[in-house]
Amino acid sequence: MDVVQTVTYQCPNCNAALEYDNKLGGFRCFYCDSTFTDNEIRSIFASRDETVDLETEEPELTEEQMTTEGFTGQSALYSCPNCGANVICDTLTSSTRCHFCHTPVILSGRLSGEYKPDLIIPFATTREQAEGKFKEFTKGKFLLPSGFVTEAQLQNISALYVPYWLKSGQTSGHLTAEGRTIHSWTRGNTTYTHTKIYHVERDADMVFVRVPYDGSRRIDDSLMESIEPFDYGGVKPFAMSYLSGCAAEKYDVTKEEATPRLDERIGKAAEEEIRRMAAVYTTLTNVHCSINYQNQQYVYALLPVWFLNYNYKGKDYEFAMNGQTGTMFGELPVSPMKKFFFGAGVFLAIFIVAMLLGGLFFG
Amino acid sequence: MVKHSTYKLTALIMALITLAAAAAVFFTGTSARAGALEHIAGADKNVSANDRGLIRKAGSGTQCALIADFDNCLTDAEETELLSALETAAKKANVNVGVVITHDLEGKSDEGFVRGFSDEQFGANSASIMLMLLNTYDAPEYTYYTDCLDSNGTTANKKFDGKRDRMLKRITDKLGEPKGNKYAYNEITHSYGGYDFAAGVKEYAKCVKRYGGSGFSKVLVMISDLVVTHPMGFLVIIAVSFLITFAIVRGKVRGYKKKAPISASSYIDRSSTKVTRSIDQFVREYTTSHTHSSSGGGHGGGGGGGGGHHTSHGSHR
């Protein structure tokens, strides 16, 4: 098993581990409470980071090795720079904490070459905010199983930088349709309807900027789409230091594999936009729309997400929150017993009201 | 000679005593039949039914109970028990409750008799309900017939409006079938046909208690009557309740499992969007018309009844 190159960021004052503080928007030493901005960290560790061979890639795995990793989830060893412990990690992890001393460890070998992200949006929400949002999300949902929202459960909320492909490019769309304008009026007992039919054509050029698609196979794509959009105003050039204290993964979905879904989303949005340009008509029928893509560009980015996984009656339920905007989404479990009693209560109430009304009128 | 006259005197005295005894038996009414005949003949009109012990009352104020058994169809024990049941019903329904068993309507109609009797016993315009059981041989086809129910007073009307037919059916069901010859006078029950008047009056007390209640008990009565009288309607209610419940629960659960598709429209750079071609070529136009047919019918006014007397008839063959 190969040993993965690791990097850790230590406080220049006390040598304890530095972590990115979401609330602060900078780096903090939780031992001596020193704080540092992005620029300070970059300049302090510039020379060190340059010496780390970021162009050194992990050796490519054979298919057999990849299959084995898929089953075992384990591929490499890393040595903790703080305590020296040898820790096994899975294929995709690129940032984690030492299981023994809890020091943030960045697996720099996983962030090199084609796996080096271009951009990152640092976390803008804290764990407390994520917990608060989760509690708010589950408020009033009385069909949840008892004990779903507990402190122990909230402890399972974890921060993760999810690998994303961001596609930008130009599209040109061409739409043809039959448009109708319908106008009605009434005179006396008669209603008149006047219809005009047009042949409609619209061509439009549009630019899409950074349409995201998550590059991790094991994360549900629709869940990730549900917590969009990210505010790209907060995007920064990638630096490994941002990963300190947070888990991160590298992609296992290539951009070629991501393209069909991205094109589908872009195509749908482009068609909606062109239809809107023909909104003067009451109805549009026989619609034909074709979309062409030009100047497509892909950027690999790490975007912040809070995750909570809950297992109930053998089924996994995922909850995710956008680590920048706070948009949350997830599937919540329903307690069959509570569902039954709720249904029984509703039935009884409706039945009694109906019987009372029936007795009143027909009794 | 003296001995012969003594025998004659003794015989005369014995005859007189026998005659006197026979007369006493005849006129004291120890026989119910004698009493009934007496009533038919109207021989004792000068002595009120109250004084003859044929009318028994219980309770006070607007919650009196009354049994007037002119034909002696009920035994003393039955009268006592039924009077108590009627008194309980009167308190529950907060009306006067009475029952009169007679074969003689004194030349009046059913309605006239029962109304007059109710007014006489409970007072005019009092909240009361009176059941008359007619014990008669006169009816051409049946030995006794109805059950004339009069409710007097607004309170009683409100409570028992719409319930009379149901009550009469219950009462006549309890009166039962004739035992043997329905035209024959029954020496034991003193009724023609041997119908069970005691059971009928008991059921009447139950009905008054059932339909005269208010609040939650009235609700329960309404519901149970609906089930009996409109079974299909009851099934429809169950089905509709179930469907609505299903829709509500499903909608609630859906909120726990929603996955919202996010459009990529938010990633369009609006400042660089431009329409490069726009064609709106007119093809044709047309006009259609639709004339609405006028429908007749306006609102029908419904007349409402106020308070006052209401009577219902039922018959038992």
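Below, all heavy atoms of this structure are taken into account, side chains as well, without hydrogens, waters or symmetry copies. Per chain, numbering begins at 1; letters A, B, ... match sequence-line order.
Here the CD atom belonging to Glu285(B) is positioned 8.5 Å from the OG1 atom belonging to Thr181(A), to the nearest 0.5 angstrom. To the nearest 0.5 angstrom, Arg277(B) atom CZ is 12.0 Å from Ser172(A) atom OG. If you take CZ on Arg284(B) and OG1 on Thr195(A), they are separated by 9.0 Å, rounding to the nearest 0.5 Å. Atom CD1 of residue Ile268(B) and atom CE of residue Met206(A) lie 6.0 Å apart, to the nearest 0.5 angstrom.
In this structure, the portions of Lys141(A) lying under 4.5 Å from any heavy atom of chain B include both its backbone and its side chain. For a residue to count as touching a neighbouring chain, one of its non-hydrogen atoms must lie under 4.5 Å from one of that chain's; by this rule Phe340(A) does not touch chain B. Residue contact with chain B, scored on non-hydrogen atoms closer than 4.5 Å, is absent for Arg187(A). When heavy atoms are compared at a cutoff of 4.5 Å, His183(A) does not approach chain B at all. Of the two parts of Arg265(A), the backbone and the side chain both hold a non-hydrogen atom closer than 4.5 Å to a non-hydrogen atom of chain B. Looking at Leu144(A), both its backbone and its side chain come within 4.5 Å of chain B, counting heavy atoms on both sides.
Ile350(A) and Ser241(B) make their closest contact through CG2-OG, 3.8 Å (heavy atoms, listed as atom of the first residue, atom of the second, distance). The nearest pair of heavy atoms linking Ala269(A) to Ser265(B) is CB-N, 3.6 Å.
Comparing Asp269(B), Thr273(B), Ile244(B), Thr288(B) by heavy-atom pairs within less than 4.5 Å of chain A, the highest count is held by Thr288(B). Heavy-atom pairs under 4.5 Å with chain A were tallied for Ser289(B), Ser271(B), Ser266(B), Gly233(B); the largest tally goes to Ser289(B).
Between the side chains of Glu272(A) and Ser263(B), at least one donor N or O sits under 3.5 Å from an acceptor N or O. His290(B) and Thr190(A) are not linked by any side-chain donor-acceptor pair at a separation below 3.5 angstrom, with hydrogens and angles left out of the test.
Residues Met355(A) and Ile237(B) meet the side-chain proximity criterion, which asks for heavy atoms closer than 4.5 Å. When side chains are defined from C-beta on, Leu143(A) counts as touching Lys252(B), because their heavy atoms get closer than 4.5 Å. The shortest side-chain heavy-atom distance between Phe342(A) and Ile248(B) falls under the 4.5 Å cut-off.
Ion pair Asp280(B)/Arg202(A) flagged as a salt bridge, since at least one NZ, NE, NH1 or NH2 atom sits closer than 4.0 Å to an Asp/Glu carboxylate oxygen.
Taking the six-membered ring where the residue is Trp, the centroids of Tyr267(B) and Phe208(A) are separated by 6.0 Å or more.
A 6.0 Å sphere centred on CZ of Arg270(B) holds more than 12 heavy atoms belonging to other residues, nucleotides or ligands.
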